[in-house]
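In listed order, ligands and their atoms are each counted from 1.
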Amino acid sequence: MKVIWNSEIVDRSEVRIDPEDRGYQFGDGIYEVIRAYNGRFFCLDEHIDRFYSSAGKIEMAVPYSRNEMKSLVNRLLEETNIDTGNLYLQMTRGISSPRNHMYPDAGVLPMLTGTMTAVERDAVKQVKGIDTIVTEDIRWLKCDIKMISLLGNIMVKHEAHKKNAEEAILHRDGTVTECSASNIAIVKNGEVITHPDGNLILPGVTKLVWKKCAEKLDIPVVDRPFLLEEMYEAEEVFCSSTTIEVMPVRRIDERVLFTDKPGDLTTALQAEYLKEIEQQCGEIVI
Ligand SMILES: Cc1ncc(COP(=O)(O)O)c(C=O)c1O
């Protein structure tokens, strides 16, 4: 399988990770997930922008220009011949030898890797929705950085898995922030409410897109924190991320939100989101 390794596309077997790479030692690095449909990346500019923004927030200089990054990922897409799938692009701060918490000198180059996996769209799940649990947001206070140290996220995801759910809805003192691997929104009195961007959540690219869709559909969106109690009384709840798109929440702990089909606003946003994908990547055959 072909992968990105620094500025090259190489066979995966050629990649060597140093045991003193800071990503491996400290989780000192950032990443992006970018979805491709019909052999084209969706929202590539937005993801590359967030990659640079995450790097900037941890004072890590990306040793490639935006155009170099874009051409590298497009080359990988072409060489892997993947039509619909996910790109995981990751950059660590490079090698600290001997091990040292301090950021290394500017001469130490970050290490970039990128892998592509074919993953089809799951149109059935888009209607069926996902089951979720509610748990405490145990993560740190810089959740706006898309960083590779994901222990907090994977622990709550595992908790969900143990309870036969797919996603964990997170709260801080009763205020809902986001989920283990997605943003969250609720629908109340015809309005979509979602936590404002800031240090407590990841500024989702998918959220940017569904907000644009809502504007086109004249659906009001309010960025404000909301409490668990408000979520429990909501007409609809949905999660969003690059890999799951706009995903209805069917169950929260023991509360069943719908059995037959998702609510009207969620369904309308899903349809408009699909149009956005088709505009950038061509027709999606369901
Ligand atoms: C914690 C978290 N929040 C939100 C998102 C949604 O981000 P995006 O829509 O850019 O995929 C993700 C995506 O992986 C995530 O991990």
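The protein atom (non-hydrogen) at minimum distance from atom 9 (O) of ligand 1 is T206 OG1, 2.6 Å. In this structure, atom 14 (O) of ligand 1 lies nearest to the protein heavy atom K146 NZ, 3.2 Å.
Within the 4.0 Å heavy-atom criterion, the part of C179 lying near ligand 1 is the backbone and not the side chain.
Checked by distance only, ligand 1 and N153 stay at 3.5 Å or farther apart across all their nitrogen or oxygen atoms. Residue-to-ligand polar distances place V205 within reach of ligand 1: an N/O pair is separated by less than 3.5 Å. By the 3.5 Å distance cut-off applied to N or O atoms, S241 is not counted among the residues near ligand 1. For ligand 1, the polar-atom distance check finds an N/O of T242 within less than 3.5 Å of one of the ligand's N/O atoms. Ligand 1 has a nitrogen or oxygen under 3.5 angstrom from a nitrogen or oxygen of R50. Between E178 and ligand 1, at least one N/O pair is under 3.5 Å apart.
Inspection of the S65 and N67 side chains reveals no N or O donor paired with an N or O acceptor under 3.5 Å.
Annotation: D264, atom CG; neighbour count of heavy atoms from other residues, nucleotides and ligands within 6.0 Å does not exceed 12.
Cation-pi contact between R35 and F41: absent, since separation from the ring centre below 6.0 Å together with deviation from the ring axis within 45° is not met.
Note: Y88 and Y31 have parallel aromatic rings, judged against thresholds of 30 and 60 degrees for the angle between ring planes.
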